[in-house]
Amino acid sequence: MSKHSYPLFVAIDGPAGSGKSSVSRAVARRLGYGYLDTGAAYRALAWLVIDQEVDPENSAAVSAMLPTFDYTIGTEPDAYFVRVGESDVTDAIREPQISAAVSAIARVPAVRTHLTELFRNIARAVPQPGVVVEGRDITTVVAPEAEVRILLTATEEARMARRSAEISTQSAHTVAEQLRSRDRADSQVVEFMSAADGVTTVDSTHLDFDQTIDAVVEVINTARNSHD
Ligand SMILES: Nc1ncnc2c1ncn2[C@@H]1O[C@H](COP(=O)(O)OP(=O)(O)OP(=O)(O)O)[C@@H](O)[C@H]1O
Ligand SMILES: Nc1ccn([C@@H]2O[C@H](COP(=O)(O)O)[C@@H](O)[C@H]2O)c(=O)n1
């Protein structure tokens, strides 16, 4: 029987475009763990706010939506989906208008408290022996007691180049400006640019995708061995 009553918790923080989602999902797949993308919940709430024609800057109106926010996310690395009620919003939450609105919603304290509790419950319930949870504040706020805590980072230049390579509908300049402005807004609320005490930094600036996965898996295996 496992020594853990809950799945082993791997917490991964980092700035926009550092590879949190793609690397975390690949790591979870390799280790047979669950995968939880926390940014998707902030995005899904932003989607609902816009869909209901609520002003994202109206924190009281946004907070009032929380009790009926019916959110579901897939935690299998190969069966990812995001739903609000009956609506599948997996693709819709990646639209630029959602990225532009999400930071305003994420700075509302009631939203952060509500979603933090939701993330803890979802992570505890995965059927796998471990779960990789990624977002801006996972190592510091959501799971400061996690068995494994990693700050995944890369230089702003590398992150912008990677992000603009995957977005063909906007100029590299626009993509870079959006990434910078989201990091600026988010960093007023949570610290994700430097590692808190006990958090291991993985800097992927000079690593390719597979090397980054290897580096993260090595940190997990080292921590796992020290817990056994
Ligand atoms: N080490 C790497 N080398 C090359 N490309 C990478 C590396 N790590 C991630 N990428 C690529 O960088 C892009 C951004 O990664 P990803 O979307 O996972 O970042 P993120 O941190 O989740 O961003 P955000 O917080 O904005 O959602 C993706 O296209 C991903 O495949
Ligand atoms: N733990 C988190 C995760 C996300 N946010 C906010 O959501 C936005 C979208 O996140 P992505 O990872 O999908 O890009 C992000 O810009 C933050 O505003 C958060 O606050 N905490």
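Side-chain atoms of E191 come within 3.5 Å of backbone atoms of S194 as a donor-acceptor pair (strictly under, hydrogens ignored). Under the 3.5 Å distance criterion, the side-chain polar atoms of Y71 are matched with a main-chain donor or acceptor of A41. Checked by atom type and distance alone, the side chain of R112 never pairs as donor or acceptor with a backbone atom of R107 at under 3.5 Å. Judged by distance alone, with hydrogens and angles left aside, the side-chain atoms of T75 form no donor-acceptor pair with the main-chain N or O of Y35 at under 3.5 Å. Under the 3.5 Å distance criterion, the side-chain polar atoms of S226 are matched with a main-chain donor or acceptor of A223. At least one donor-acceptor pair closer than 3.5 Å links the side chain of S187 to the backbone N or O of R184.
Residues R162 and S18 bring no donor and acceptor atom of their side chains to less than 3.5 Å of each other. With no hydrogens or angles considered, a side-chain donor-acceptor pair links T205 and D203 at under 3.5 Å.
Hydrophobic clustering, with ILVMFWY side chains joined whenever heavy atoms are under 4.5 angstrom apart, groups I93 together with V54. Taking hydrophobic clusters as Ile, Leu, Val, Met, Phe, Trp and Tyr residues chained together by side-chain heavy-atom distances below 4.5 Å, V82 shares a cluster with I138.
Counting heavy atoms of neighbouring residues, nucleotides and ligands inside a 6.0 Å radius, atom CD of Q211 exceeds 12 of them. Applying the 6.0 Å contact sphere to CD of E166 captures more than 12 heavy atoms from other residues, nucleotides or ligands.
With D37 as reference, R94 is the one residue of R25, K20, R43, R94 to meet the salt bridge (charged side-chain N to carboxylate O under 4.0 Å, His left out) rule. Looking at P129, P77, P7 one by one, the single match for side-chain contact (heavy atoms from CB on, under 4.5 Å) with Y33 turns out to be P129. For the side-chain contact (heavy atoms from CB on, under 4.5 Å) with V132, the qualifying choice from V27, V148, V23, I150 is V27, the only one to do so.
Atom CG in D137 sits 6.5 Å away from atom OG1 in T38 (nearest 0.5 Å).
The pair R149-D197 does not count as a salt bridge, with every side-chain nitrogen at least 4.0 angstrom from each carboxylate oxygen. Taking 4.0 Å as the cut-off between side-chain N and carboxylate O, D183 and R163 do not count as a salt-bridged pair.
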